[in-house]
Amino acid sequence: MGFLKAVASRLAWVVVALLIALGGAGIVATMGHAPGTVAREELTWAADAAATPRLDEATVHLEALADQVDQLAGTARRALTQLSDVDPGALQDTIDKGTSQMLEVKTLGGELSAALADVPYMGDGWELHVSQGLHERWRQLDGATGLTEGLESDWAALTGRAIDAAQLSTLLVRHDGETAAAAERGSAGKYRAALDQLDASDATIAAARELRDQLAKTTDVATLTAWIDRNAAYDAALRTLYAALIKSDGRVTAEVRKAFEGEQAARAQLPGDTRGMVVIMSDIAQGGLNQAVVAIEEVRGSLAQALEAQQQLRDDGELTPSE
């Protein structure tokens with residue numbers, strides 16, 4: 001009988017020990033879940049509730065930034081189109097508008113960064129405070145802040161090209177007017193006045209050549225060079241004709257006839273319409289403007305994707321803005 005009691009007592013202690021071990025294992029398993037996982041969501045609820053409104057505020061800043069970049073992209077496309085319109089005034093107005101939009105993009109980007117820095121519990125050890133889904137929202141928003149970093153240089157490249165194009169267009173149109181004025185004075189027999197007017201034409205041609213040389217570093221300037229050379233040749237032919245008429249005192253001599261034939265030949269080489277100007281502006285666009293517009297469009301698309309991802313993360317989260 002004593003032996004049986006001893007065995008029973010030992011079995012009872014074994015059972016008790018097993019129960020204690022199993023209970024301890026359950027506690028350990030329960031405590032082993034990190035607060036930032038769905039297994040212990042009650043541990044992150046308070047911090048999630050504090051961080052969510054700040055993340056929603058940051059998302060509003062991202063929406064504003066995306067909208068502003070969208071407007072900038074539209075302005076960039078408009079500038080590219082206006083190159084073919086040969087309207088320097090309208091192009092300059094578009095550039096000024098885009099520059100203001102670019103400054104606003106920088107401001108909104110800074111506001112987004114500041115809003116994200118104000119979200120609590122997102123630094124090292126975040127998993128001890130907030131849920132993984134909420135931290136993913138913050139991480140994705142933080143990644144969106146770098147999307148506009150190269151936008152200022154892209155816009156600068158676009159405006160630089162556009163300004164060059166506007167300046168070039170102005171020079172070529174001015175030259176046509178100056179040479180036309182010289183021809184009008186020559187037709188009226190005012191040969192010396194015509195020569196003085198051609199001095200202005202020569203100065204404009206020189207300025208156009210200087211700008212052409214700058215563009216040649218990154219742009220195909222073959223069409224532009226042909227345009228400048230043909231107009232310069234006509235100016236030279238007019239100068240030769242008026243000098244001959246001054247020398248002959250207005251009489252038609254062999255020298256005057258030869259000069260007149262030269263003027264006719266040079267005139268025949270002049271462009272008959274503005275199609276050459278359109279080609280010139282297109283060449284400038286291909287030298288950098290197109291690439292800048294594409295870069296801005298890519299940033300616009302990336303911000304739109306970031307907004308879509310943020311909305312999806314918010315919809316999938318355990319806390320909504322209304323909670």
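Just so you know, these numbers use all the heavy atoms, side chains as well, and skip hydrogens, waters and symmetry mates. A quick note: this is a predicted structure, and the numbers were derived from the prediction, not measured.
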- request: Quick one: do F260 and R257 satisfy side-chain contact (heavy atoms from CB on, under 4.5 Å)? Show the steps, please.
  value: CA-CA 5 Å; F260 180 74; R257 289 194 186 94; 5.6 Å; no

- request: For the pair L307 and E63, evaluate side-chain contact (heavy atoms from CB on, under 4.5 Å) and give the outcome as yes or no after the intermediate values.
  value: CA-CA 7 Å; L307 272 177; E63 290 172 349; 3.4 Å; yes

task: Determine, step by step, whether T240 and K258 satisfy the side-chain contact (heavy atoms from CB on, under 4.5 Å) criterion, reporting the C-alpha distance in whole Å, the side-chain angles of both residues, the deciding distance to 0.1 Å, and the verdict.
output: CA-CA 10 Å; T240 299; K258 182 178 180 181; over 6 Å; no

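Side-chain atoms of R137 and T59 form a donor-acceptor pair, as typed in the model, at a separation below 3.5 Å.
The CD atom of Q71 lies 7.5 Å from the NZ atom of K97; values are rounded to the nearest 0.5 Å. Summarising the geometry, atom CG belonging to D118 is positioned 10.5 Å from atom CG belonging to L55; distances are rounded to the nearest 0.5 Å. A distance of 13.0 Å separates NZ of K106 from CG of L65, quoted to the nearest 0.5 Å. Put simply, OG1 on T179 and CD1 on I205 are 7.0 Å apart, with the number rounded to the nearest 0.5 Å. Distance CZ/R78 to OG1/T81: 9.0 Å, rounded to 0.5 Å. One finds the OG1 atom of T148 at 11.5 Å from the CD atom of Q68 (value rounded to the nearest 0.5 Å).
When all heavy atoms of G262 and A237 are compared, the pair lying nearest together is O-CB, 3.9 Å. The minimum heavy-atom distance linking Q197 with A182 is given by the pair CG-N, 3.5 Å. Between L158 and A292 the shortest heavy-atom distance is CB-CB, 3.7 Å. Nearest heavy atoms, R251 versus S248: O-OG, 2.6 Å. Closest approach of S201 to H175, counting heavy atoms only: O-CD2, 3.6 Å. Between L62 and A144, the closest heavy-atom pair is CD1-CB, 4.0 Å.
Contact of the W126 side chain with the Q132 side chain is registered, since non-hydrogen atoms from C-beta on lie closer than 4.5 Å. Between I246 and L195, the closest side-chain pair of non-hydrogen atoms falls below 4.5 Å. In this structure, the side chains of W155 and V105 stay at 4.5 Å or more apart for every pair of heavy atoms. Two residues are said to be in side-chain contact when any heavy atoms from C-beta on lie closer than 4.5 Å; M122 and V130 meet this criterion. By the 4.5 Å heavy-atom criterion applied to side chains, L72 and L151 are counted as neighbours. Side-chain contact check for D70 versus L303: every heavy-atom pair is 4.5 Å or farther apart. Using a 4.5 Å heavy-atom threshold, the side chains of N231 and Y234 count as separate.
A continuous path of Ile, Leu, Val, Met, Phe, Trp and Tyr side chains, each step under 4.5 Å between heavy atoms, connects L211 with I163, placing both in one hydrophobic cluster. In terms of hydrophobic clustering, with Ile, Leu, Val, Met, Phe, Trp and Tyr side chains grouped at heavy-atom distances under 4.5 Å, L198 and L171 are assigned to different clusters. V60 and L116 fall into different hydrophobic clusters, where Ile, Leu, Val, Met, Phe, Trp and Tyr side chains are chained together by heavy-atom contacts under 4.5 Å. Cluster membership for L270 and Y242, using ILVMFWY side-chain heavy atoms within less than 4.5 angstrom, is shared.
Scored by the salt bridge (charged side-chain N to carboxylate O under 4.0 Å, His left out) test, E261 finds no partners at all (sequence neighbours excluded). Not counting sequence neighbours, the partners of R77 by the side chain to side chain donor-acceptor pair (under 3.5 Å) test are E297.
Within 6.0 Å of CD in E136 there are more than 12 heavy atoms belonging to other residues, nucleotides or ligands. The 12-atom threshold is not exceeded at CD of E184, counting heavy atoms of other residues, nucleotides or ligands nearer than 6.0 Å.
Counting only distance, with no hydrogens or angles, the side chain of D48 and the backbone of S131 share a donor-acceptor pair below 3.5 Å. Between the side chain of T145 and the backbone N or O of L141 there is no donor-acceptor pair closer than 3.5 Å. Under a 3.5 Å cut-off, the side chain of E152 and the backbone N or O of M102 do not form any donor-acceptor pair. Looking at T159, its side chain does come within 3.5 Å of a backbone N or O of A156 through a donor-acceptor pair.
Between H135 and W138, the distance separating the two ring centers is shorter than 6.0 angstrom.
Annotation: salt bridge (charged side-chain N to carboxylate O under 4.0 Å, His left out) contacts involving residues 221-248, sequence neighbours excluded, comprise D199-R239, D202-R239, R209-D229, K247-E255.
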